[in-house]
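In what follows, a structure is listed as structure tokens, so that the remarks can point back to it.
Numbered from 1 within each chain, the chains take letters A, B, ... in sequence-line order. Because the structure is a prediction, the values reported are computed rather than measured.
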There are 2 protein chains.
Amino acid sequence: MAPADRESERPVRADARRNRARILEAAEAVFAEQGASAATDAVAERAGVAIGTVFRHFPTKPDLLRAVVMSLQDRIVAEADAMVRDQDAVTALFEFCSLIMSAGVTHRDVFERLAETGVQARVSDALARLRSAVDVLLERARDGRAVRADLSTDELIALLAAVCQEAIADDWSEEFRRRALDLLFDGIRPPGSR
Amino acid sequence: MAPADRESERPVRADARRNRARILEAAEAVFAEQGASAATDAVAERAGVAIGTVFRHFPTKPDLLRAVVMSLQDRIVAEADAMVRDQDAVTALFEFCSLIMSAGVTHRDVFERLAETGVQARVSDALARLRSAVDVLLERARDGRAVRADLSTDELIALLAAVCQEAIADDWSEEFRRRALDLLFDGIRPPGSR
DNA sequence: TTGTGAAGTCGAGCAACACTCAGGTTACTT
DNA sequence: AAGTAACCTGAGTGTTGCTCGACTTCACAA
């Protein structure tokens with residue numbers, strides 16, 4: 001019998017893990033500089049590995065691009081998640097939405113260039129990973145009568161994602177972003193609460 | 001002196017115009033079947049012309065894809081434009097938004113496949129071409145006290161485009177689409193008008 | 001320490017694709 | 001009918017995503 005079948009899988013070799021990280025880092029830099037249409041060779045060179053290694057870790061180019069997006073989203077998600085834990089006010093939901101939009105617009109150039117090659121960085125995906133956090137915020141807001149009672153988490157996420165996505169795509173100014181959220185929230189508020 | 005300098009450009013040759021139309025038609029069919037990553041050869045073959053001809057009319061592949069999108073949008077825009085002229089009720093604005101969303105979702109598969117190669121079929125572009133129509137509808141709605149007075153055409157277009165875009169990307173059901181519009185409009189209505 | 005095998009790396013090479021261009025063809029003008 | 005510019009053709013070029021068999025390195029055990 002195998003000595004240690006914990007997880008039933010052997011641990012990833014150290015050099016492999018190191019190379020993976022290097023490639024990801026290089027890819028982010030290269031794609032940010034030259035756009036998503038940059039050749040994979042460039043990524044390999046910058047990472048200090050051969051082409052084959054890149055394709056071993058990320059079998060296809062979309063896979064690599066997706067990984068870059070995920071790694072970016074991870075940071076945003078972590079940031080948003082931390083914020084939720086700090087805030088306790090009823091307005092936290094609004095602030096949260098505002099933060100998500102700002103974060104998206106900040107990394108706009110990278111998302112934009114990635115989109116050129118057909119890799120969508122869907123805001124709704126990022127928000128889906130924050131579903132439990134949104135749930136908490138929404139329930140608190142409902143209790144505080146800050147939003148209408150019949151609003152579901154799915155609906156909130158969908159609308160927020162929609163506005164966010166467009167804000168990124170069209171590079172809305174901060175003023176315009178705030179105005180959009182205001183309009184959105186006025187519709188979300190319960191009747192007669194203005 | 002030139003005999004007829006009307007437009008100062010010679011008319012396009014008949015065969016060229018014919019070929020352009022054929023290529024566009026073929027491209028729409030091929031991309032709908034095989035996705036936007038289909039080779040340009042396939043389009044040329046289907047259109048019954050040589051590769052060079054395709055690239056003469058559409059110098060780059062994104063150009064071709066964009067042209068396909070434009071031709072699709074043209075139909076939707078025409079449909080929406082006709083609707084605006086017929087309707088006269090205050091609810092026309094809502095119906096208009098509903099139509100735009102439906103049209104987008106109907107052609108979802110084509111837009112989706114085009115997006116794979118990085119060609120965005122932006123709803124906001126289509127709406128920008130309908131700006132004057134939206135303007136009319138919005139003014140009517142404002143006069144009828146159906147929307148708040150401080151809502152600008154740009155804001156309306158931006159929000160509508162955002163929701164539409166997401167509806168297409170996430171393939172919202174008709175029920176969900178209606179719900180989203182309801183939420184959006186409740187926020188657009190003037191204070192105390194529910 | 002040293003042997004062993006699997007996991008990882010390497011990079012020349014292949015296939016597919018976007019795009020070019022020199023030469024032949026066709027549609028308009030006079 | 002003749003001239004000419006626009007148009008079409010399709011083999012060819014350069015680039016890119018990806019493969020694969022030979023080689024190397026790590027992890028673990030004896």
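For A:Lys61 (side chain) and A:Ala39 (main-chain N/O), no donor-acceptor pair under 3.5 Å exists by modelled atom type.
One finds no salt bridge joining B:Asp125 and B:Arg129 here, because no Lys/Arg side-chain nitrogen approaches an Asp/Glu carboxylate oxygen to under 4.0 Å. Remark: A:Arg18 does not engage A:Asp15 in a salt bridge, criterion side-chain N to carboxylate O under 4.0 Å.
Going from atom CD of B:Glu45 over to atom P of C:dA18 covers 14 Å, rounded to whole Å. Remark: P of D:dG17 and CD1 of A:Ile23 are 15 Å apart, rounded to the nearest angstrom. Counting to the nearest Å, the P atom of C:dA16 and the CD atom of B:Gln34 are 14 Å from each other. B:Arg17 places its CZ atom 19 Å from the P atom of C:dT26, with the value rounded to the nearest Å. If you measure from atom CG of B:Leu64 to atom P of C:dA18, you get 10 Å, rounded to the nearest angstrom. Straight-line distance from the NZ atom of A:Lys61 to the P atom of D:dT16: 9 Å, rounded to whole Å. Regarding B:Asp63, its CG atom lies at a distance of 13 Å from the P atom of C:dA18, rounded to whole Å. Remark: P of D:dA6 and CZ of B:Arg20 are 17 Å apart, rounded to the nearest angstrom.
Comparing B:Asp41 and B:Asp15 by the nucleotide of DNA chain C whose heavy atom lies nearest to each, the residue mapping closer to the 5' end is B:Asp41. Between A:Arg56 and B:Ile51, the one whose closest nucleotide on DNA chain C sits nearer the 5' end is A:Arg56. Toward the 5′ end of DNA chain D lies the nearest nucleotide of B:Val12, the other residue of the pair B:Val12 and A:Pro59 mapping further downstream.
At the phosphate of C:dG8, neither OP1 nor OP2 sits under 4.0 Å from any side-chain N or O atom of A:Asn19. For the OP1/OP2 pair of D:dC7 and a distance below 4.0 Å, the side-chain nitrogens and oxygens of B:His57 include no atom meeting the criterion.
Candidate nucleotides C:dT26, D:dG17, D:dC26 were compared by shortest atom distance to the side chain of A:Arg13, and D:dC26 ranks first. With distances taken from any side-chain atom of B:Ala50 to the nucleotides D:dG10, C:dA18, C:dA7, the minimum falls on D:dG10. Distances were taken from every side-chain heavy atom of A:Val49 (C-beta onward) to each of C:dC10, C:dC17, C:dG8; the shortest belongs to C:dC10. Out of C:dC19, D:dC8, C:dT9, the shortest distance to the side chain of B:Thr60 is found at C:dC19. Of the listed nucleotides (C:dC17, C:dT20, C:dC28), C:dC17 has the atom at the smallest distance from the side chain of B:Ala39. The listed nucleotides are D:dC8, C:dC10, D:dT25; the one nearest the side chain of A:Thr53 is C:dC10.
No donor-acceptor contact under 3.5 angstrom links the side chains of B:Asn19 and B:Thr53, judged on distance only. Checked by atom type, the side-chain pair B:Ser102/B:Arg177 shows a donor-acceptor distance below 3.5 Å.
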